[in-house]
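Keep in mind the model is a prediction, meaning the values are calculated, not measured. Order of the sequence lines sets the chain letters (A, B, ...), proteins ahead of strands, with each chain counted from 1. The figures here come from the full heavy-atom set of this structure, side chains too, leaving out hydrogens, waters and symmetry mates.
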Number of protein chains: 2
Amino acid sequence: MSIDQSARRGIPEVTVARLPEYLRALRGFAEQGTTSISSEDLAAATGVRSAKVRKDLSQLGSYGVRGVGYDVDHLAYQISLALGQTHDWPVAIVGMGNLGRALAAYRGFATKGFRIVALLDQNELLHGERIAGLVVRPVTDLPELVLEGLAIGVIATPADSAQDVSDRLVDAGVRSILNFAPTMLTVPDGVVVRKVDLSTELQILAFHEQRKVEPPTHLQEARA
Amino acid sequence: MSIDQSARRGIPEVTVARLPEYLRALRGFAEQGTTSISSEDLAAATGVRSAKVRKDLSQLGSYGVRGVGYDVDHLAYQISLALGQTHDWPVAIVGMGNLGRALAAYRGFATKGFRIVALLDQNELLHGERIAGLVVRPVTDLPELVLEGLAIGVIATPADSAQDVSDRLVDAGVRSILNFAPTMLTVPDGVVVRKVDLSTELQILAFHEQRKVEPPTHLQEARA
DNA sequence: ACGTCCTTGTGAAGAGATGCACAAAGTCAC
DNA sequence: GTGACTTTGTGCATCTCTTCACAAGGACGT
Ligand SMILES: NC(=O)c1ccc[n+]([C@@H]2O[C@H](COP(=O)([O-])OP(=O)(O)OC[C@H]3O[C@@H](n4cnc5c(N)ncnc54)[C@H](O)[C@@H]3O)[C@@H](O)[C@H]2O)c1
Ligand SMILES: NC(=O)c1ccc[n+]([C@@H]2O[C@H](COP(=O)([O-])OP(=O)(O)OC[C@H]3O[C@@H](n4cnc5c(N)ncnc54)[C@H](O)[C@@H]3O)[C@@H](O)[C@H]2O)c1
């Protein structure tokens, strides 16, 4: 209520989470030569309802043309603008184990506006090793990296070390963290953490799987 | 409102997504010898509000004791029951590239009630190779694996192949899929798909990062 | 047995997200 | 220029999730 319509600048988090999906779909359409697209088409391509698509897109501004649809290229441009893809974001990965190496080798980030600029590990035996064209460096290099523009840190260390690594990232000045360790991180205000937890995802699947097996003797209520 | 509270069997999706978190925290408390815990403590350990914790837990039943709190072991047991962790779930990983190998090598799934029973790849050159103690097999083995109890499939192939792999999983009888490929999957009713998209996570971080850099001082438009 | 103290479990209010349905606004054919 | 047609943008109703706030329930000391 009283905390007013500065909502103008505040795109809902759920919408933000869907924007990359729209963007990906748009790139696909652009690739196959489609120049104009309706909210219905975009909805079909991303698996959401067209009304939601329109409401989401209207958060960015009025970039559609009634009776016609959206210009694929222009809409893609506006979304990437909203997402901050105006330039590449430098990313550092901390923890060069199984997962860290897979991430380092992944070529898909580059096309989404991210550049992996550093691979860090505590283990001195790894320092100097080349992985995917980058040399593994000590975690103490973080402050230097931040001065060079590092903005996003990825934590791929064991859970025990995750809070420590997080603290180092924050101390160095990183304010956006993607955490793969299955643990909750405590960070100061202003730092955004997102967590990817594969075990949790599997557990959610197991929940639904179990529900299917166990016949719903009670009222129907077969989940959505 | 009047929509029944046969909630008994219909746990809200958001709640399900938090249960693994609670469970992990409880295991931690149990490990350090704590036998009883309040919703406030659990809230602190998982980063949610205590009221939410209580409402979530009340979905499972009344396992707390007023004035005292919850018995750590019993609550953990009830949550794992709700999540279907009564037995190990067999999991197959399809696509033995960078990511698939990291997943196969990950030891953390075992403790959460999952057992990786098969590694599959289309590439014949990989067939027979041992990874993390398992032999890589052709995707055509899927029907056989389902007969042996396979319930959950993980897709770690390139995006191009993801829909094809998904179809094969579904045809073979798998009804729970975890998808790492950055693409939308189309599946029949009754099949549950969860998607983990690392690029999307980074894009969301970039969105917030950009917002921080761009000072909110100019009240009007950077966009419209 | 009784009173005090503590924490749960939950109605009810508040926020937020989704879906509906349609007026508004444009294109295009003629 | 006009009318038929298409699709956006959005007000409103609905549904879902969160937060508040407190009565109910139980433990424990005396
Ligand atoms: N591998 C997977 O598929 C997978 C799946 C789900 C979750 N995870 C999680 O991802 C994280 C990493 O998994 P992994 O399999 O790559 O582990 P790993 O043990 O293979 O690698 C961990 C790496 O982190 C480094 N490290 C440890 N402490 C550090 C510190 N304080 N600072 C810097 N580096 C440090 C180690 O030297 C090691 O190289 C874990 O938290 C794990 O639970 C991994
Ligand atoms: N590596 C990462 O860190 C990372 C990060 C984000 C997303 N991803 C996504 O995960 C997926 C896998 O990534 P990756 O780096 O491991 O790729 P990769 O190219 O290293 O491995 C892909 C594997 O899948 C196999 N494959 C291809 N088509 C198949 C089919 N139809 N059936 C069975 N197997 C098939 C290939 O033989 C190969 O072994 C991709 O979709 C990628 O976008 C990976």
For B/Ser39 and C/dT7, is the shortest distance between a side-chain N/O and OP1 or OP2 below 4.0 Å?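 B/Ser39 to C/dT7 OP1/OP2: no side-chain N or O under 4.0 Å.
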For D/dG9, does OP1 or OP2 lie under 4.0 Å from any side-chain N or O of A/Tyr70?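 For D/dG9, OP1 or OP2 has a side-chain N or O of A/Tyr70 closer than 4.0 Å.
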Using the side-chain heavy atoms of A/Ala51, tell me which of these nucleotides is nearest: D/dT18, C/dC20, C/dA17.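 Side chain of A/Ala51 sits closest to C/dC20.
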Spell out yes or no: do the side chain of B/Arg54 and the base of C/dG9 have one donor N/O and one acceptor N/O closer than 3.5 Å?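 Indeed, a donor on one side and an acceptor on the other fall under 3.5 Å apart.
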Between [X] ([atom1]) and [N] ([atom2]), how many Å, whole number?
{"X": "A/Arg49", "N": "C/dG19", "atom1": "CZ", "atom2": "P", "answer": "5 Å"}
{"X": "A/Gln59", "N": "C/dG16", "atom1": "CD", "atom2": "C1'", "answer": "12 Å"}
{"X": "B/Leu60", "N": "C/dT8", "atom1": "CG", "atom2": "P", "answer": "14 Å"}
{"X": "B/Asp56", "N": "C/dT10", "atom1": "CG", "atom2": "C1'", "answer": "13 Å"}
{"X": "A/Lys52", "N": "C/dG19", "atom1": "NZ", "atom2": "P", "answer": "5 Å"}
{"X": "A/Tyr63", "N": "D/dG9", "atom1": "OH", "atom2": "P", "answer": "11 Å"}
{"X": "A/Lys55", "N": "D/dT10", "atom1": "NZ", "atom2": "C1'", "answer": "6 Å"}
{"X": "B/Leu75", "N": "C/dT8", "atom1": "CG", "atom2": "P", "answer": "11 Å"}

Map A/Arg66 and B/Ser62 onto DNA chain C by nearest heavy atom, then report which one ends up closer to the 5' terminus.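 The residue whose closest nucleotide sits nearer the 5' end is B/Ser62.
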What residues, two or more places apart in sequence or in another chain, satisfy side-chain contact (heavy atoms from CB on, under 4.5 Å) together with A/Val91?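 If we apply the side-chain contact (heavy atoms from CB on, under 4.5 Å) test to A/Val91, skipping adjacent residues, the hits are A/Phe114, A/Ile152, A/Val154.
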Side chains of A/Gln210 and B/His87 in contact at under 4.5 Å (non-hydrogen atoms):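 Not touching, per the 4.5 Å side-chain cut-off.
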Any side-chain heavy atom of B/Ile155 sitting closer than 4.5 Å to one from B/Phe180?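 B/Ile155 does not reach B/Phe180 side chain to side chain.
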State whether B/Arg175 and B/Asp189 are salt-bridged, where the test is any N-O pair (Lys NZ or Arg NE/NH1/NH2 against Asp/Glu carboxylate O) under 4.0 Å.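 No, B/Arg175 and B/Asp189 are not salt-bridged.
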